[in-house]
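Written out below as structure tokens is the structure these notes cover.
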Amino acid sequence: MMMIKRFGKFLIILGFFMVGCKKKTGDFEIKITQQDGGYGYQIIKQKRILINQPYIPAINKQLPFKNSTEAHKTADLVVSKIGKLSLPRVSLQELDSMKITY
């Protein structure tokens, strides 16, 4: 029983440590926009639009997202990449893995 309590305390301390070390991507705001026949997204930082994406990225057509959920999933991926200081490019494989319809 004593071992379980110690392990529980360890997990709590580890949780606080991981939250404190987490990169903050909360500086970005995602705005879903309505387009003709679908949705797009904007990524905003300090009231400035950094990325305006009216169409599904990585495909060779100008197709909007079919629903706001798919647009938001893709915008979340891009914000995650920006937070990791990586290029905010989206590949066809990533779209497929998120089940984005195009």
Any heavy-atom pair between the side chains of [Y] and [X] that's under 4.5 Å?
X: Ile30; Y: His72; result: yes
X: Pro64; Y: Tyr39; result: no
X: Ile56; Y: Thr74; result: no

| request: Kindly give the heavy-atom pair with the smallest separation between Gly40 and Phe65, and that separation in Å. | output: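 Reported closest heavy-atom pair: CA-CD1, 4.2 Å.
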Taking only residues two or more places apart in sequence or in another chain, which ones pass side chain to side chain contact (heavy atoms under 4.5 Å, CB included) with [X]?
X: Pro88; result: Ile51, Val78, Ile82
X: Leu92; result: Ala58, Ile59, Leu95, Tyr102
X: Ser97; result: none
X: Ile49; result: Gln42, Ile44, Asn52

| From Met98 atom CE to Asp76 atom CG, the distance as rounded to the nearest 0.5 Å |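 Nearest 0.5 Å value for the CE-CG distance: 9.0 Å.
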| What distance separates Gln34 CD from Ile32 CD1, expressed to the nearest 0.5 Å? | 11.0 Å
| Apart from Leu87 itself, residues in the same hydrophobic cluster as defined by side-chain heavy atoms under 4.5 Å |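 Leu87 shares its hydrophobic cluster with no other residue.
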| note | Connected to Tyr55, directly or through other members, by ILVMFWY side-chain contacts below 4.5 Å are none
Using the side chain to side chain donor-acceptor pair (under 3.5 Å) criterion, which residues pair with [X]? Sequence neighbours excluded.
X: Glu70; value: Thr101
X: Gln35; value: Thr33
X: Asn67; value: none
X: Thr69; value: none

| said: According to salt bridge (charged side-chain N to carboxylate O under 4.0 Å, His left out), does anything in residues 32-47 pair up with another residue at least two apart or in another chain? List the pairs. | reply: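 Not a single pair qualifies under salt bridge (charged side-chain N to carboxylate O under 4.0 Å, His left out).
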| task | Could you name each residue pair satisfying salt bridge (charged side-chain N to carboxylate O under 4.0 Å, His left out) that touches residues 86-96, not counting sequence neighbours? | result | Lys81-Glu94
| Does any N or O in the side chain of Lys66 come within less than 3.5 Å of the main-chain N or O of Gly38, such that one atom is a donor and the other an acceptor? | no
